[in-house]
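Working notes for the structure below.
Ligands are counted one by one from 1 in listed order, and the atoms in each one are counted from 1 as well.
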Amino acid sequence: MGGQALASTVIADAAAAGVYLSDEQWRLIARYRDLVLEWNEQFNLTAIREPAGVEQRLMLDAMRMVPVLDGWLARMNVTRPVRLVDVGSGAGFPGLVLKIVRPDLRIVLVEATGKKVRFLEHVIATLRLDHAEAIHARAEDVGHDQGYRERFDIATARAVASLPALLELCGPLLQTGGVAFFPKSLDLDQELAAGHRAAPLVGMVIEESTILPHSSTRLVTAVKMGYTPARFPRRPGLPAKEPLGGTDPAR
Ligand code: SAH
């Protein structure tokens, strides 16, 4: 099944973004792409169904986060293995790509849909990724589990919820000094304003929102500055339904 080589442009595009992988890592990326395409025929894992789309929009866009991640990790100077949580991981984006590109990361993928968790477990086993765990749960519940609360250095979430909800779901999982990365679309003004209002309520500050090179993704970076009150995250569904920070008083 599958087994086609990656489009030659993928390696060049990654290099243009400053990401260089070994042959073995490219083999893992290609195998992962094949698994996404194979499983997607049976289960609705992602709306992106074409090989080129999976390579460009899922694999490469996640890789383009790596230089930003590396920069923050260098500044954070964590002296033990770095722990990353990917919230609403779906078919593993961006969490599994980041794990392949930076194998020293210890990753936890949080996903509410069982069939997607089974896929994530299958990929982890097939690619023999170590220190990678997929958990079938909602982030609202994981955030109150003492095994996971305030345990992570990095949090990521792509295409899961609006910024206020993401901050409420990811903030409790981060240690003080930890950083969250949210890939978003370019047109973000209102959502960003809402995010700025929500962030301090959960001990976070939005530091940057930069357009990733050669892409149409804006990467929002938020830092955990202090304590997240114990009542966050609120019960499942509320972070998205009643976003923190309310509506813009100017509107
Ligand atoms: N990050 C992936 C998936 C995006 S789809 C990608 O970029 O391709 C959003 C995913 O988040 C879905 O699989 C959904 O089941 C999951 N999700 C949404 N809210 C969640 C929550 N509160 N906790 C855990 N998973 C959640």
Verdict with reasoning, Glu121 to Arg118, per salt bridge (charged side-chain N to carboxylate O under 4.0 Å, His left out) = CA-CA 5 Å; Glu121 286 171 342; Arg118 283 191 289 283; over 6 Å; no
Tell me whether [X] is salt-bridged to [Y], with the criterion being a basic N under 4.0 Å from an acidic carboxylate O.
| X | Y | answer |
| --- | --- | --- |
| Arg106 | Glu133 | no |
| Lys99 | Asp104 | no |
| Asp187 | Arg218 | no |
| Arg234 | Glu140 | no |
| Asp61 | Arg64 | yes |

Taking 4.0 angstrom as the limit and counting only heavy atoms of [X], give me the atoms of ligand 1 inside it, by number and element.
| X | value |
| --- | --- |
| Gly90 | 3 (C), 13 (O) |
| Glu140 | 21 (C), 22 (N) |
| Ala139 | 21 (C), 22 (N), 23 (N), 24 (C) |
| Lys116 | 12 (C), 13 (O) |
| Thr113 | 15 (O) |

Top protein contact for [atom], by heavy-atom distance:
| atom | value |
| --- | --- |
| atom 16 (C) of ligand 1 | Glu111 OE1, 3.4 Å |
| atom 6 (C) of ligand 1 | Arg158 NH1, 3.3 Å |
| atom 25 (N) of ligand 1 | Ala112 N, 3.3 Å |

ask   = So Glu24 and Ser22, side-chain hydrogen bond (donor to acceptor under 3.5 Å, both in side chains) or not? Walk me through it.
value = CA-CA 5 Å; Glu24 171 62 11; Ser22 67; over 6 Å; no
Polar-atom distance check: [X] versus ligand 1, any N or O pair below 3.5 Å?
| X | value |
| --- | --- |
| Phe93 | yes |
| Gly88 | yes |
| Ala159 | no |
| Val160 | no |

query = Is Ala157 touching ligand 1 with its side chain, its backbone, both, or neither, if touching means heavy atoms under 4.0 Å apart?
reply =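 It is neither part, as no heavy atom is under 4.0 Å.
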ask   = How does Ala137 reach ligand 1, if at all, at less than 4.0 Å between non-hydrogen atoms: by side chain, backbone, both, or neither?
value =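 Under 4.0 Å from ligand 1, Ala137 contributes backbone atoms alone.
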request  = Tell me, please: is Ser89 in heavy-atom contact with ligand 1, that is, under 4.0 Å?
outcome  =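 Contact check Ser89 vs ligand 1: positive.
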inquiry  = Looking at ligand 1, would Thr46 count as a contact under a 4.0 Å heavy-atom criterion?
reply    =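 Contact check Thr46 vs ligand 1: negative.
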request  = Sort out for me which residue in Lys184, Glu191, Met204 forms a side chain to side chain contact (heavy atoms under 4.5 Å, CB included) with Leu166.
outcome  =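 The single option meeting the side chain to side chain contact (heavy atoms under 4.5 Å, CB included) with Leu166 is Lys184.
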ask   = Within a reach of under 6.0 Å around CZ of Arg128, are more than 12 heavy atoms found that belong to other residues, nucleotides or ligands?
value =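 No, because the 6.0 Å sphere around CZ of Arg128 holds 12 heavy atoms or fewer from other groups.
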ask   = Does the ring centre of Phe232 sit less than 6.0 Å away from the ring centre of Tyr227?
value =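 Judged by ring-centre distance (under 6.0 Å), Tyr227 and Phe232 do not meet the cut-off.
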